[in-house]
> 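Before we start, here is the structure in question, set down as structure tokens.
Predicted model only: the values in this text are computed from it and were never measured. First the proteins, then the strands, lettered A, B, ... as listed; each starts at 1.
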Protein chains: 2
Amino acid sequence: MGRTTPRRRDRIRAETSSEIKTIALKHLTAGGAEAVSLRAIAREMGMTASAIYSYFDTRDDLITALIADSYASLAGVMEAAGAGGSDTGAADRILAVATAYRQWAISHPEEFRLIYGDPVAGYQAPEDDAVREAEDRACAVLLRLVETGWPVPEHPAAEPYEWADFGDGYTRRVRELFPDLPPAAVALALRTWGRMHGQVALEIYGHLRAQLVDPAKLFRAEMLDLTRMLGADPTTSR
Amino acid sequence: MGRTTPRRRDRIRAETSSEIKTIALKHLTAGGAEAVSLRAIAREMGMTASAIYSYFDTRDDLITALIADSYASLAGVMEAAGAGGSDTGAADRILAVATAYRQWAISHPEEFRLIYGDPVAGYQAPEDDAVREAEDRACAVLLRLVETGWPVPEHPAAEPYEWADFGDGYTRRVRELFPDLPPAAVALALRTWGRMHGQVALEIYGHLRAQLVDPAKLFRAEMLDLTRMLGADPTTSR
DNA sequence: TCATTGACTAAATGCCGTTCAGTTCTTGTA
DNA sequence: TACAAGAACTGAACGGCATTTAGTCAATGA
């Protein structure tokens with residue numbers, strides 16, 4: 001009964017929907033989020049702006065779709081960088097993922113801003129399943145990095161972590177994927193995220209422009225220290 | 001010849017200008033950057049939107065003024081936190097500044113987004129003197145933190161830093177304020193910034209909401225490790 | 001074959017930033 | 001004190017925007 005081949009109408013609909021997204025993405029990368037206007041997209045498609053409402057309930061929904069697609073692209077890049085053959089050292093994998101994160105941000109600045117910034121006014125982080133899934137994928141890459149060096153000696157003064165410290169849904173998904181990792185390891189993965197993110201965010205938003213000639217150099221130094229935090233110091237692991 | 005008391009007209013002008021900013025800020029905190037509309041501000045002031053153009057050449061200029069004011073407020077909070085009596089340990093001062101940074105962000109989320117995000121479409125980080133000055137003040141607070149624990153043993157694999165690695169103007173201002181600090185210390189201060197910023201940015205933009213029950217706890221752990229990076233481990237300095 | 005449904009248009013609503021011509025009133029000076 | 005200059009402001013307009021609504025038309029599935 002289940003129909004394998006999509007019906008003609010559904011196919012056309014999917015094509016139009018993806019054409020809208022493609023043009024929207026083009027405008028985004030060309031002129032930032034403000035340039036994503038339903039009228040401009042429709043104009044380019046030879047349609048009326050209101051026609052787009054058959055495909056996206058509102059402009060924000062279209063933006064959310066762009067976020068989901070962009071985040072999936074970032075997650076893919078991170079996964080590829082984190083996969084590295086089994087001959088790759090732990091520190092190298094960490095540096096590879098971090099570099100991939102930064103490089104993706106640099107080559108897709110507007111998409112990065114879309115995901116991690118707030119380019120759409122009054123726009124609250126959407127409760128979108130596709131977005132959450134991409135975020136989980138990115139998170140999983142970091143968890144895999146932590147897993148390699150685990151257990152890492154805790155900072156003496158740090159408070160212990162428990163599962164109750166994390167969101168319910170998140171806890172469930174993490175424990176399913178990484179049954180052997182304790183809560184403290186998850187906390188470490190989130191700290192890793194923050195550490196990678198900090199410098200990249202500052203750089204993308206232009207806050208290191210006047211200070212640094214080569215932001216990559218500072219990022220390398222920071223990520224090198226990160227390997228230590230994850231118990232994968234390159235001086236000992238290679 | 002120099003007139004000390006401002007003329008009546010100048011005074012009124014300054015008052016109107018600051019009233020515009022006050023209302024703009026009110027709308028910002030209430031509804032995000034999108035809510036800062038010249039028409040809405042003028043409406044509230046009993047004026048026409050075009051009247052505002054006597055005070056700010058464009059909406060973006062008004063936004064830039066808001067950024068400068070907000071950044072100055074953040075810098076002030078950081079300075080206060082970093083001042084701590086001479087009896088305060090180095091680690092405590094670091095934690096105080098970091099906590100101040102995060103707390104300010106949490107209590108002024110829209111201003112934080114204004115400074116470090118990209119709420120205004122197609123808006124490039126302005127080359128505004130007042131903004132740069134506030135950024136320098138915040139930077140100076142971090143440099144003072146680094147200064148306390150300096151010298152910190154470098155990570156073995158890290159590349160050495162030279163003054164040529166930094167922007168010209170920035171280098172000049174830093175060396176004037178901190179004649180004794182070497183380039184590597186400046187690099188460490190910028191890394192400190194990135195590390196503080198990373199988690200706070202993720203939190204403010206809602207990216208830790210689904211994951212963490214208490215983001216402050218993770219931030220504490222990260223900042224505790226930061227004290228180590230700055231050579232001010234609380235276990236040894238207290 | 002035919003009623004239904006989805007894609008689409010056209011027009012309108014009410015926002016917005018910005019421009020411009022014209023008005024009013026304050027100001028410093030002749 | 002009279003007056004020219006200029007600042008502050010109004011009102012109308014332009015072109016842009018998201019969104020809503022009523023209506024058209026053709027593909028669809030029973």
Side-chain angles (χ1 to χ4, degrees), chain A residues 1-3 5-21 23-24 27-28 30-66 114 119-124 126, chain B residues 1-21 23-24 26-28 30-66 114 119-124 126:
Chain A
M1 337 211 134
R3 180 187 289 270
T5 19
R7 308 170 185 188
R8 185 182 128 83
R9 196 133 120 186
D10 295 345
R11 209 189 55 231
I12 292 177
R13 188 185 161 80
E15 274 166 14
T16 308
S17 174
S18 110
E19 188 187 350
I20 292 171
K21 286 199 293 182
I23 295 177
H27 289 182
L28 173 77
E34 73 158 348
V36 179
S37 108
L38 299 188
R39 291 181 118 103
I41 295 168
R43 220 177 289 133
E44 194 163 333
M45 293 179 71
M47 289 197 332
T48 326
S50 39
I52 297 183
Y53 285 83
S54 297
Y55 298 89
F56 299 93
D57 280 349
T58 172
R59 177 177 180 270
D60 279 5
D61 286 355
L62 171 57
I63 298 283
T64 301
L66 292 185
L114 203 58
V120 180
Y123 183 85
Q124 283 302 333
Chain B
M1 339 210 134
R3 179 185 290 268
T4 39
T5 19
R7 308 170 185 187
R8 185 182 128 83
R9 193 134 125 186
D10 295 346
R11 210 189 54 231
I12 291 177
R13 189 186 160 78
E15 273 166 14
T16 308
S17 174
S18 108
E19 189 187 348
I20 292 171
K21 286 199 291 183
I23 295 178
K26 201 184 76 183
H27 289 182
L28 173 77
E34 73 159 349
V36 180
S37 108
L38 299 187
R39 292 184 121 104
I41 295 168
R43 220 177 288 135
E44 193 162 335
M45 293 178 71
M47 286 199 332
T48 325
S50 40
I52 298 183
Y53 285 82
S54 298
Y55 298 89
F56 299 93
D57 280 350
T58 173
R59 178 177 179 268
D60 278 5
D61 286 354
L62 171 57
I63 298 283
T64 301
L66 291 186
L114 204 58
V120 180
Y123 183 85
Q124 283 302 331

> Round to the nearest Å and state the distance from A/Leu62 atom CG to D/dT19 atom P.
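From A/Leu62 CG to D/dT19 P: 10 Å.
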> Does a nitrogen or oxygen in the side chain of B/Arg13 sit under 4.0 Å from OP1 or OP2 of D/dA7?
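For B/Arg13, the contact criterion (side-chain N or O under 4.0 Å from OP1 or OP2 of D/dA7) is not met.
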> Ignoring hydrogens and angles, does a donor from either the side chain of B/Ser50 or the base of C/dG17 sit under 3.5 Å from an acceptor on the other?
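By the distance-only test, no, there is no pair.
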> Please work out if B/Ser37 contacts a base, only the sugar-phosphate, or nothing of the nucleic acid, heavy-atom cut-off 4.0 Å.
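The answer is sugar-phosphate, as B/Ser37 gets under 4.0 Å only of primed atoms, P, OP1 or OP2.
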> With sugar-phosphate meaning primed atoms plus P, OP1 and OP2, does B/Thr58 contact a base, only sugar-phosphate, or nothing at under 4.0 Å between heavy atoms?
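Counting heavy atoms under 4.0 Å across all strands, the contact made by B/Thr58 is with sugar-phosphate only.
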> What integer distance in Å separates A/Asp57:CG from C/dA7:P?
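Taking CG of A/Asp57 and P of C/dA7, I get 12 Å after rounding.
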> Rounded to whole angstrom units, what separation is found between the NE2 atom of A/His27 and the P atom of D/dC17?
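Between P of D/dC17 and NE2 of A/His27: 10 Å.
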> Can you tell which of D/dA7, D/dA18, C/dT18 lies closest to the side chain of B/Arg59?
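My answer, after comparing the listed nucleotides, is C/dT18.
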> Round to a whole Å and report the spacing from CD1 of A/Ile41 to P of D/dT19.
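For the pair A/Ile41 CD1 and D/dT19 P, the rounded distance is 11 Å.
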> How far does NE2 of B/His27 sit from CD1 of B/Ile41, to the nearest 0.5 angstrom?
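CD1 of B/Ile41 is found 6.5 Å from NE2 of B/His27.
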> Rounding to a whole Å, what distance do you find between B/Glu34:CD and C/dC16:P?
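Checked: the CD to P distance equals 10 Å.
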> On the side chain of B/Arg39, is there an atom forming a donor-acceptor pair with the base of C/dG17 - under 3.5 Å, no angle test?
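It does, because a donor-acceptor pair links the side chain of B/Arg39 to the base of C/dG17 below 3.5 Å.
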> About how many Å separate CZ of A/Arg39 and OG of A/Ser50, when rounded to the nearest 0.5 Å?
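So the OG of A/Ser50 and the CZ of A/Arg39 are separated by 9.0 Å.
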> Between A/Glu19 and A/Tyr55, is there a side-chain heavy-atom distance shorter than 4.5 Å?
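No, every pair of side-chain atoms sits at 4.5 Å or beyond.
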> Taking for each residue the nucleotide of DNA chain C with the nearest heavy atom, is it A/Ile52 or B/Ala40 whose nucleotide lies nearer the 5' end?
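Counting from the 5' end, the first nearest nucleotide belongs to A/Ile52.
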> Looking at every heavy atom in both A/Phe56 and A/Ile20, which two are closest together, and how far apart are they?
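Closest approach of A/Phe56 to A/Ile20, heavy atoms only: CE1-CG2, 3.8 Å.
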> Give one of base, sugar-phosphate or nothing for B/Tyr55, where a contact means two heavy atoms less than 4.0 Å apart.
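It contacts sugar-phosphate atoms only.
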> Please report, rounded to the nearest Å, how far the P atom of D/dC9 is from the CD1 atom of B/Ile12.
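Atom-to-atom, B/Ile12 to D/dC9, this comes out as 9 Å.
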> From CG of A/Leu38 over to C1' of D/dC17, roughly how many Å is that when rounded to an integer?
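Taking atom C1' of D/dC17 as the reference, CG of A/Leu38 is at 9 Å.
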> Expressed as a whole number of angstroms, how long is the span from B/Tyr53:OH to D/dG11:C1'?
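Rounded to the whole Å, the gap is 15 Å.
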> Please walk me through it: do A/Tyr53 and A/Leu38 pass side-chain contact (heavy atoms from CB on, under 4.5 Å)?
CA-CA 9 Å; A/Tyr53 285 83; A/Leu38 299 188; 3.5 Å; yes
